[in-house]
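The block underneath contains the structure these notes are about, expressed in structure tokens.
Protein chains get the first letters and strands the later ones, always in sequence-line order, with residue 1 at the start of each.
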Amino acid sequence: MRGVIHVARAWGPAVEGVALVMREGFSPRYDLDRLTGVISRMGHSCEGETVRDRILVIPTTKGGVAGGWAFHDLLHKGIAPAALVFGKLNPVMVQGAVLARLPVTEGWEPDALDVLPSGVRVRVDPAARTITVLD
Amino acid sequence: MDTGMSEVSETRPAAAGTLRLNDEEQAMLRGDHGPAVQDAIRFQIEVGTFFGAERFVPITHAHVMGDIEVMGDGGLAHLRGMGEHGARCVVPTSNNAHCMHFHADPRLQQDADEEGKQREILGRYGRMRIAAVDTCIPYQTVYQPKFGEHVAWGDTGTVIYANSVLGARTNFEAGKASFAAALTGRTPAYGFHLDATRRGSIAVDLRARMEDLADWGALGKIVGHPHQDYFAVPVFEGFDRMPLSDELKQLGASLASYGSMAMFHMVGVTPEARTRDEAFGGRDPVAQINVDDSAIEAVYQSYGYKDGGATIVVFSGPQLSLFEMQDLAERFEGRRVAEGMACVVTTNAMVHSDAERLGYVATLEAAGVTILQGVCFYILQRLTQIREENGWTNLVSNSGKLVNTITAHRFNTVLRRTQDCVDIACTGALR
């Protein structure tokens with residue numbers, strides 16, 4: 001499939017990567033084993049998946065201030081995601097992404113959950129405020 | 001060493017994103033106040049620009065969150081970089097609960113090298129002029145901002161209490177954000193610093209009796225979980241008595257946890273909701289939720305126990321106030337935590353000091369309760385391994401927040417009312 005998703009707000013450099021699409025909210029504290037980068041919350045739609053180098057597509061945020069440091073920590077450990085693509089976010093995710101120099105976007109048209117299957121390769125371009133499906 | 005910080009650069013056009021800078025802010029950006037402040041304001045401009053902030057607002061207090069468990073070695077290197085660049089807070093600043101309990105309980109062993117790093121972090125806090133009070137309840141024990149006062153607080157439970165109950169103004173200022181605000185004495189004016197964001201958006205008709213702290217956490221789950229949105233502001237109405245600080249603390253912590261929310265109103269209770277109209281500020285509610293006793297009861301019914309492991313009962317998240325300590329001491333008086341069960345309480349050093357003087361600590365410890373200071377249970381370093389070493393499958397708590405936040409460590413969590421938690425701890429009978 002090919003297509004373009006327009007985002008409302010964005011920060012960071014352009015990147016390409018494989019999407020990991022979550023069906024519910026995400027918090028690096030509640031849902032992620034931050035020693036391995038594997039989603040560990042029982043019953044999470046991406047339980048058992050690694051976030052490393054993936055473009056995380058996340059409808060909403062849960063909690064929590066942990067993301068303010070956690071993405072920088074994941075980067076230091078070599079298990080950081082490549083970008084964060086949110087439907088709705090909170091400032092924690094922006095603060096954490098800016099510290100880790102990780103592209104971050106908010107708001108999507110059309111709804112990324114409808115048009116992006118997990119595993120598809122995408123390009124996130126914050127300056128253009130677009131997410132482009134490459135596969 | 002890669003500190004993640006850039007050196008002082010020459011004067012250049014104020015690349016201030018969407019923000020207009022006054023003379024002092026421009027001087028900070030030029031590096032006139034040193035590299036730590038320059039790095040801080042650059043970070044703030046990048047974050048503020050994402051949200052379209054047009055200016056900075058001065059703050060009176062900052063509350064920072066950062067411990068070795070969440071910041072890791074990379075964060076520690078960043079903190080060392082701040083120190084080497086002469087970082088010093090220009091407003092009164094405190095720190096949040098952290099991950100190291102420094103307690104001798106052999107069931108709760110933590111890594112010695114990580115403990116050393118945490119001691120280094122706390123030492124660095126002192127040199128940066130951060131009062132290391134190690135608490136997630138600064139609004140009950142350390143600093144209570146006044147109506148309309150702008151602050152920069154780095155813990156969600158503190159933020160929602162400040163905005164909602166005190167009428168102060170802050171966003172979630174996570175990680176570097178609250179440190180940056182402490183160094184520059186200001187924060188970008190977006191989100192809950194602005195009037196428009198603070199208007200109610202969800203109507204909640206509250207007709208439940210709300211007889212236990214856990215009921216308030218359950219209420220936060222009912223409202224927060226289906227409406228995960230930082231910018232959603234629930235308005236509670238219909239409740240027929242004045243809630244206590246500890247009750248609103250549990251509600252706020254739960255809303256912030258399940259819903260990522262930063263503010264609520266309660267008509268006739270909170271300062272920006274003297275009337276329903278004032279709470280909504282002319283905005284039409286996007287959702288209506290009715291909460292009665294059966295809705296609260298359904299939350300408890302939604303949890304179940306898993307077989308084949310031990311159970312720990314935890315009172316934490318947020319840390320307990322003095323009156324919560326008094327209440328627990330009364331409930332545990334003359335009783336004893338059952339063989340094979342574990343029970344842990346967390347609070348801060350200020351509360352612990354008075355609870356000790358007043359006899360609450362002795363009563364709880366005589367009952368076999370472990371009291372940890374300066375930490376919150378779900379953020380403990382090495383928690384997954386601690387769980388495995390003790391064979392803890394189930395975690396029972398009266399905190400709606402705790403039963404949500406701890407799940408990455410693969411506890412099966414169960415929310416129960418306070419007396420049920422005490423009875424479970426003292427009998428081992430899971431109910």
Sort [X] into side chain, backbone, both or neither according to what part of it lies under 4.5 angstrom from a heavy atom of chain B.
{"X": "A:R9", "answer": "both"}
{"X": "A:D33", "answer": "neither"}
{"X": "A:L32", "answer": "backbone"}
{"X": "A:A97", "answer": "neither"}

| query | Yes or no on side chain to side chain contact (heavy atoms under 4.5 Å, CB included) for B:Y230 and A:L89, after CA distance, side-chain angles and deciding distance? | reply | CA-CA 7 Å; B:Y230 179 72; A:L89 54 62; over 6 Å; no
| request: Starting from the C-alpha separation in whole Å, work towards a yes-or-no answer on side chain to side chain contact (heavy atoms under 4.5 Å, CB included) for B:Y258 and A:K62. | output: CA-CA 6 Å; B:Y258 288 97; A:K62 285 191 278 191; over 6 Å; no
With a 4.5 Å cut-off on heavy-atom pairs, point out which of [options] contacts chain B the most.
{"options": "A:G43, A:A10, A:G67", "answer": "A:A10"}
{"options": "A:V94, A:I39, A:T60", "answer": "A:V94"}
{"options": "A:G96, A:P126, A:A70, A:A66", "answer": "A:A66"}
{"options": "A:R101, A:K77, A:K88, A:R29", "answer": "A:R29"}

| request: Rounded to the nearest 0.5 Å, what's the gap from CE on A:M93 to CZ on B:F50? Could you check? | output: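 Taking CE in A:M93 and CZ in B:F50, the distance rounds to 11.5 Å.
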| said: With rounding to the nearest 0.5 angstrom, report the CG to CD distance, A:L35 to B:Q385. | reply: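 One finds 7.0 Å between CG of A:L35 and CD of B:Q385.
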Looking only at non-hydrogen atoms, find the nearest pair between [X] and [Y] and report the distance.
{"X": "A:S40", "Y": "B:A408", "result": "OG-O, 3.0 Å"}
{"X": "B:S260", "Y": "A:N90", "result": "OG-ND2, 2.7 Å"}
{"X": "A:D73", "Y": "B:D73", "result": "OD1-N, 4.3 Å"}
{"X": "B:A174", "Y": "A:V65", "result": "CB-O, 3.5 Å"}
{"X": "B:F411", "Y": "A:M42", "result": "O-CE, 3.8 Å"}

| Under the side chain to side chain contact (heavy atoms under 4.5 Å, CB included) criterion, do A:Y30 and B:I406 qualify, and how do the steps go? | CA-CA 6 Å; A:Y30 305 174; B:I406 205 165; over 6 Å; no
| query | Side-chain contact, heavy-atom cut-off 4.5 Å: B:H78 with A:H72? | reply |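 A side-chain contact under 4.5 Å exists here.
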| task | Would you indicate whether the side-chain heavy atoms of A:R34 and B:E69 approach each other to under 4.5 Å? | result |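 Yes - at least one pair of side-chain heavy atoms lies under 4.5 Å apart.
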Given that the side chain runs from C-beta out, which part of [X] has a heavy atom under 4.5 Å from chain A: side chain, backbone, both or neither?
{"X": "B:I379", "answer": "both"}
{"X": "B:F179", "answer": "side chain"}
{"X": "B:Q44", "answer": "neither"}

| query | Within the distance-only criterion (no hydrogens, no angle test), does the side chain of A:R41 pair as donor or acceptor with the backbone N or O of B:R410 below 3.5 angstrom? | reply |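 Here the side-chain-to-backbone pair does not exist.
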| field | Main-chain N/O of B:M65 paired with A:W69 side-chain donor or acceptor, under 3.5 Å | value |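 Yes.
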| request: Output, in order, the C-alpha distance, side-chain angles, deciding distance and verdict of side chain to side chain contact (heavy atoms under 4.5 Å, CB included) for B:F172 and A:T61. | output: CA-CA 12 Å; B:F172 292 177; A:T61 48; over 6 Å; no
| Heavy atoms of other groups near B:D307 CG, more than 12 under 6.0 Å |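 Not buried by this count: 12 neighbours or fewer within 6.0 Å.
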| chain A contacts, top residue of B:D155, B:T49, B:T405, B:V47 (heavy-atom pairs, under 4.5 Å) |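 Option with the greatest count: B:T405.
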